[in-house]
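As structure tokens, the structure follows; a few thoughts come after it.
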Amino acid sequence: MNTADHDRGVRLAEDLAARTWGAQRSFFLVNGSSSGNQAFLLASVSPGDEVVVGRDMHQSLLAALILTGARPVYVTPRLHPTLHVGLGLTVEDVTAVLDAHPAAKLLALTSPTYWGVASNQQEIVAAAHARDVAVYVDEAWGPHLGFHPRLPPSAMSCGAHGAVTSPHKLLCGLS
Ligand SMILES: Cc1ncc(COP(=O)(O)O)c(C=O)c1O
């Protein structure tokens with residue numbers, strides 16, 4: 001049972017958060033974005049399902065995948081030529097993997113990455129939707145994205161089915 005099921009104040013705050021971040025429903029989490037990754041994946045994929053996922057995912061998303069028993073199909077991020085930092089996923093690389101795995105149930109992105117790089121979510125989400133694949137974004141490092149037009153667009157504004165975010169990382173949420 002969710003806290004908000006019996007606490008009207010929490011439910012009201014969750015509804016305000018949903019409106020603020022552009023979701024139909026928002027859930028406050030205990031145990032951070034890690035538990036959001038687990039909750040969304042456990043709710044949306046089954047053992048043996050293929051999940052297309054960036055190799056630049058956070059370890060909590062990998063742990064969530066292991067819990068589901070789904071099979072990861074990896075998209076490799078491009079690396080910066082001298083810094084060797086991941087540059088996120090390209091729509092071309094994601095599309096190639098989606099086309100090679102037409103039975104994939106879910107595309108799971110981590111954007112922005114731990115290194116602060118945002119993928120082109122607008123195009124990636126559109127490519128996944130064109131193939132009837134749902135999209136989930138680990139947006140732990142992007143709680144601020146929806147609040148300024150010069151920032152990359154947020155997962156929800158790009159049409160992702162779900163996203164987790166961490167106000168305790170880049171905003172002022174308590175850890
Ligand atoms: C991209 C990403 N996702 C998820 C998490 C997990 O967040 P939390 O510590 O809130 O469980 C982190 C933590 O650093 C992260 O960087």
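Indexing begins at 1, ligand by ligand and atom by atom, following the structure's order. Atoms considered below: every heavy atom in the structure, side chains included; atoms not considered: hydrogens, waters and symmetry mates.
Using modelled atom types, one side-chain atom of Ser154 and one backbone atom of Ser157 make a donor-acceptor pair closer than 3.5 Å.
The aromatic rings of His129 and His161 sit perpendicular to each other, their planes meeting at more than 60°, with 30° as the lower class boundary.
Around atom CZ of Arg78, no more than 12 heavy atoms belonging to other residues, nucleotides or ligands sit under 6.0 Å away.
Cluster membership check: Ile124 does not share its hydrophobic cluster with Trp141, using side-chain heavy-atom separations under 4.5 Å among Ile, Leu, Val, Met, Phe, Trp and Tyr. Hydrophobic cluster membership differs between Val133 and Leu41, with clusters built from Ile, Leu, Val, Met, Phe, Trp and Tyr side chains linked at under 4.5 angstrom.
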Run through all N or O atoms in ligand 1 and write down each protein N or O closer than 3.5 Å, as a pair with its distance.
unit_1	atom_1	unit_2	atom_2	d
ligand 1	3 (N)	Asp138	OD1	3.0
ligand 1	3 (N)	Asp138	OD2	2.6
ligand 1	7 (O)	Lys169	NZ	2.7
ligand 1	10 (O)	Ser33	N	2.9
ligand 1	10 (O)	His168	NE2	2.7
ligand 1	10 (O)	Lys169	NZ	3.1
ligand 1	11 (O)	Ser33	N	3.2
ligand 1	11 (O)	Ser34	N	2.9
ligand 1	11 (O)	Ser34	OG	2.5
ligand 1	14 (O)	His58	NE2	3.4
ligand 1	16 (O)	Trp141	NE1	2.6

Would you mind writing out the side-chain donor-acceptor pairs for residues 62-76 within the sub-3.5 Å range, not counting sequence neighbours?
unit_1	atom_1	unit_2	atom_2	d
Thr68	OG1	Leu65	O	2.6
Thr68	OG1	Ala70	N	2.9
Arg71	NH2	Glu50	OE2	3.4

